[in-house]
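Order of the sequence lines fixes the chain letters, A, B, ..., with proteins taken first and strands second; residue numbering starts at 1 for each chain. Every value quoted in this text rests on a predicted model; they were computed, and no experiment measured them.
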Number of protein chains: 2
Amino acid sequence: MVTVHDVARHAGVSIATVSRALNDRERISSATRDRVLEIARSLGYQPNDLARSLAGMATQTIALLLPDITNPFFPELVKGVQTIADERGHLLLLCHNADDGAKARADIAMLRRKKVDGILLVAGTLKGRGIAGATSDLPTVVLDRRVPGLRSDVVTVDHRAGARKAVEHLLELGHRRIAHITGPPGISSSKERQAGWEEALRATGIEPDKELVVQGDFLEDGGYAGGRALIQRKVDFTAAFAANDMSAIGLLKALTEEGRQVPNDVSVVGFDGIHLAAYTAPALTTVAQPIFDLGRRAAELLLDRLAAAEPDKEPHTVVLETKLVVRGSTSQRR
Amino acid sequence: MVTVHDVARHAGVSIATVSRALNDRERISSATRDRVLEIARSLGYQPNDLARSLAGMATQTIALLLPDITNPFFPELVKGVQTIADERGHLLLLCHNADDGAKARADIAMLRRKKVDGILLVAGTLKGRGIAGATSDLPTVVLDRRVPGLRSDVVTVDHRAGARKAVEHLLELGHRRIAHITGPPGISSSKERQAGWEEALRATGIEPDKELVVQGDFLEDGGYAGGRALIQRKVDFTAAFAANDMSAIGLLKALTEEGRQVPNDVSVVGFDGIHLAAYTAPALTTVAQPIFDLGRRAAELLLDRLAAAEPDKEPHTVVLETKLVVRGSTSQRR
DNA sequence: CTGAAAGCGCTTACAG
DNA sequence: CTGAAAGCGCTTACAG
């Protein structure tokens with residue numbers, strides 16, 4: 001393996017000069033720099049980043065922690081992150097925690113030992129408390145929803161406004177009895193989306209009916225169970241707003257199985273805008289998050305902060321826009 | 001930051017002893033070991049893995065290189081890899097190369113400087129030549145398809161046998177004019193799947209008709225274009241085997257647009273078994289690869305090799321089984 | 001602009 | 001079983 005010593009010897013300079021040539025920024029005559037660089041190249045010199053980082057330089061590595069990459073929401077987000085990491089010469093570490101707080105903390109401890117420069121955290125249904133301690137003093141950007149107790153940059157969407165768009169769309173189609181399948185309890189994005197449902201109804205003079213609300217979990221199963229529950233309880237509804245696309249897809253399945261036609265008998269709107277939503281039958285009307293941009297902006301925010309002169313300046317929150325995408329699962333109330 | 005020196009001082013021992021206590025394996029009295037460990041714990045000592053690795057230990061980090069995480073084939077595979085990495089205390093680096101050889105080589109160079117222990121490579125449509133050089137002497141396991149010129153472990157499926165299953169299924173349903181949308185040219189998995197199509201036909205005494213073959217690219221667009229081409233050319237066919245699920249989905253779309261009912265007018269079979277295939281209308285009959293296990297086995301193979309006494313022993317190829325999953329897109333020939 | 005030296009935080013022969 | 005020392009491959013004050 002070729003080291004700075006080899007390059008130095010061949011160039012007839014000290015290793016300090018080699019280091020300066022390689023890292024440029026120090027004052028060094030351009031003649032020596034060019035000569036050293038040429039020799040380094042001809043020797044096939046490749047710096048050892050371990051040594052570099054141990055000597056005080058950044059590792060140029062960030063980590064992305066998320067619950068489960070097979071959740072269709074995440075690949076697009078990962079791609080957004082990766083795009084920026086690539087652009088800026090950083091490597092991306094991926095960690096799955098399956099919404100398990102202990103696993104997440106163990107991952108963070110490991111990342112700390114590895115001296116990653118910073119982390120991107122999709123908290124899923126994780127509680128903020130344990131995580132906040134684990135990430136202390138590690139530059140962190142939180143994605144998609146706020147995590148209580150965690151003082152960090154946040155990149156998210158306006159979940160409440162998005163939910164309002166979904167429900168307003170249904171109201172405009174003439175629906176009045178609009179069910180809501182919630183997300184998992186206790187996390188802000190669930191609460192905000194439900195609040196958006198309520199707000200939109202009230203704004204039209206409709207008092208939200210508790211009977212129309214069933215609890216889900218952001219998963220297909222929860223949407224399916226929710227759909228069956230609504231029907232079993234003989235709830236009267238002509239439309240439903242599911243807290244995310246996967247639960248909307250589960251709901252679609254339950255409705256179909258129970259003989260209700262979508263959208264003729266029931267209109268359905270989801271939330272997220274995952275690719276999958278375009279392939280269901282009927283294709284799902286949904287409130288699309290800018291998933292790729294969420295990843296992009298979060299990575300940018302993190303790397304900007306890392307590159308900043310004073311990286312500790314106060315946390316920043318970026319709120320991106322959602323967009324209603326109308327497809328086949330919604331129609332005029334009959 | 002707490003270092004071995006701090007622990008040593010508090011314990012009244014040398015840093016060598018601290019290191020031995022931490023890493024266990026050396027002979028050290030259990031009394032001192034326990035005492036040192038207790039002190040390390042109470043001081044909140046966390047080893048610096050950069051220093052550890054620079055001093056000769058493995059980085060416990062592997063990398064997974066793939067074309068594009070938003071291709072629905074990959075999330076499941078990543079999860080398989082991650083599962084094993086987690087089990088064995090390794091971190092996972094993710095690199096996207098968008099089927100760009102130069103990008104892949106740059107990534108590999110970076111990974112080398114970071115001293116990753118080994119890499120997992122999904123070559124996509126990458127040519128073997130450039131990659132083979134880049135990975136030289138870096139422990140590598142190749143996934144899903146063989147890469148010519150690359151001497152490494154391989155975990156794959158029997159693409160040809162899988163394709164035969166698809167076509168045999170169609171033959172059993174009475175179809176005789178079975179079109180084939182190929183994968184991208186020049187890569188082994190495409191060729192093998194096409195060879196399977198031919199074999200199955202010949203085995204039933206049918207001579208493969210060139211007219212029934214249209215080139216695709218493993219993407220939805222290629223399947224869509226292929227479907228339109230078949231119809232425009234007025235090719236006579238009652239069934240089609242697409243080289244993968246995404247092209248089958250594109251084909252579904254083209255057929256529907258052209259007024260052909262699936263499966264009544266045309267039966268369609270895909271390949272891969274991505275989740276998405278279960279959500280289309282009709283749901284797609286497909287030859288499922290054990291995607292999660294592909295990732296699992298590849299990671300196991302790599303980590304086994306890294307842990308092995310003689311890591312250079314000759315390359316191993318693991319071939320996993322595919323499984324026909326019959327859904328709504330195929331039916332008896334009318 | 002350049003070099004000698006110290007230091008980053010570990011592990012591991014080598015002695016004892 | 002334990003310690004003193006060397007070494008992993010870099011960067012960066014400190015002098016000059």
Side-chain angles (χ1 to χ4, degrees), chain A residues 1-41 43-61 89 109-117, chain B residues 1-41 43-61 89 109-117:
Chain A
M1 191 194 167
V2 185
T3 72
V4 280
H5 289 97
D6 300 313
V7 178
R9 185 157 17 84
H10 282 259
V13 298
S14 72
I15 60 166
T17 297
V18 173
S19 176
R20 288 192 189 99
L22 260 21
N23 297 304
D24 205 37
R25 55 172 153 282
E26 298 279 337
R27 56 254 113 176
I28 179 177
S29 80
S30 59
T32 30
R33 185 185 343 98
D34 293 350
R35 190 160 48 85
V36 170
L37 254 25
E38 171 54 23
I39 288 173
R41 208 195 48 69
L43 257 35
Y45 170 75
Q46 289 291 358
N48 179 330
D49 282 356
L50 256 22
R52 257 190 159 140
S53 301
L54 187 59
M57 302 195 83
T59 54
Q60 310 257 82
T61 304
M110 181 110 172
L111 294 168
R112 200 185 280 285
R113 295 164 41 151
K114 287 279 185 323
K115 306 297 170 192
V116 298
D117 296 337
Chain B
M1 191 194 170
V2 184
T3 73
V4 279
H5 290 97
D6 300 314
V7 178
R9 185 156 19 84
H10 281 259
V13 298
S14 72
I15 60 165
T17 297
V18 173
S19 177
R20 288 191 190 101
L22 259 20
N23 298 304
D24 206 36
R25 56 171 152 281
E26 299 277 335
R27 54 255 113 177
I28 178 176
S29 80
S30 58
T32 31
R33 183 183 349 94
D34 293 350
R35 190 159 50 84
V36 170
L37 254 26
E38 171 54 23
I39 288 172
R41 207 194 49 69
L43 257 35
Y45 170 75
Q46 288 291 358
N48 180 330
D49 282 355
L50 255 22
R52 256 191 159 135
S53 301
L54 186 59
M57 302 195 85
T59 55
Q60 310 258 81
T61 304
M110 180 107 172
L111 294 169
R112 201 185 279 284
R113 295 164 39 150
K114 286 282 185 323
K115 306 299 170 190
V116 298
D117 296 336

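Nearest approach of A/Leu50 to B/Leu54, heavy atoms of both residues: CD2-N, 4.3 Å.
In this structure, A/Tyr45 places its OH atom 10 Å from P of D/dG9, rounding to the nearest Å. In this structure, A/Asp6 places its CG atom 11 Å from C1' of D/dG9, rounding to the nearest Å. With rounding to whole Å, A/Arg33 atom CZ is found 14 Å from C/dT2 atom C1'. The distance between atom CG of A/Leu22 and atom P of D/dT12, rounded to the nearest whole Å, is 12 Å. Rounded to a whole Å, the CG atom of A/Leu50 is 11 Å from the C1' atom of C/dC10. For the pair B/Met57 CE and D/dG7 C1', the computed distance is 16 Å after rounding to whole Å. Rounded to whole Å, atom P of D/dG3 lies 8 Å from atom CZ of B/Arg20. D/dC10 atom C1' lies 14 Å from atom NZ of B/Lys114, rounded to whole Å.
OP1 or OP2 of C/dT11 has at least one side-chain nitrogen or oxygen of B/Ser19 nearer than 4.0 Å. Applying the 4.0 Å criterion to OP1 and OP2 of C/dT11, one finds that B/Asn23 has a side-chain N or O inside that range.
Nearer to the 5' terminus of DNA chain D, by closest-nucleotide assignment, is the contact made by B/Thr32 (compared with the other of B/Thr32 and B/Ala55). For the pair A/Ser29 and B/Ala51, nearest-nucleotide mapping onto DNA chain C gives the more 5' position to A/Ser29.
Among C/dA13, C/dC10, D/dC8, the nucleotide with an atom closest to any side-chain atom of B/Met1 is C/dC10. Which of D/dT2, C/dC1, C/dC10 sits closest to the side chain of B/Ile28 comes down to D/dT2.
The backbone N or O of B/Ser53 lies less than 3.5 Å from no partner atom in the side chain of B/Thr59, so there is not a single donor-acceptor pair.
No donor-acceptor contact under 3.5 Å links the side chain of B/Arg113 to the base of D/dG9.
Listed by first residue number, the stems of DNA chain C with at least three Watson-Crick or G-U pairs below 3.5 Å are C:1-3 with D:14-16, C:5-12 with D:5-12, C:14-16 with D:1-3.
Every residue two or more places apart in sequence or in another chain that forms a side-chain contact (heavy atoms from CB on, under 4.5 Å) with B/Thr3 is listed here: B/His5, B/Asp6.
Residues B/Val4 and B/Tyr45 form a side-chain contact, since some pair of their non-hydrogen atoms from C-beta on lies under 4.5 Å apart. Taking the side chain as every heavy atom from C-beta outward, A/Gln60 and A/Asp49 never approach each other to under 4.5 Å.
When heavy atoms are screened at a 4.0 angstrom cut-off, B/Ser53 is found touching no nucleic acid atom at all.
Distance check: B/Arg112 CZ to A/Asn48 CG gives 12.5 Å after rounding to the nearest 0.5 Å. To the nearest 0.5 Å, the span separating CD1 on A/Ile28 from OG on A/Ser19 amounts to 9.0 Å.
When the C1' atom is used for both D/dG16 and D/dT12, the distance is 16 Å, rounded to whole Å.
Electrostatic pairing of A/Arg41 and A/Glu38 counts as a salt bridge here, judged by a charged N lying under 4.0 Å from a carboxylate O.
Only B/Ile15, B/Ala16, listed by number, bring a heavy atom of residues 8-18 of chain B to less than 4.0 angstrom from any atom of DNA chain C.
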message = Could you walk me through whether A/Asn23 and A/Arg52 satisfy the side chain to side chain contact (heavy atoms under 4.5 Å, CB included) test, starting with their C-alpha distance in whole Å, then the side-chain angles of each, then the deciding distance to 0.1 Å, before giving a yes or no?
response = CA-CA 11 Å; A/Asn23 297 304; A/Arg52 257 190 159 140; 2.7 Å; yes

task = Would you sort out whether A/Lys114 and B/Thr61 count as a side chain to side chain contact (heavy atoms under 4.5 Å, CB included), showing the intermediate values?
result = CA-CA 10 Å; A/Lys114 287 279 185 323; B/Thr61 304; 3.4 Å; yes

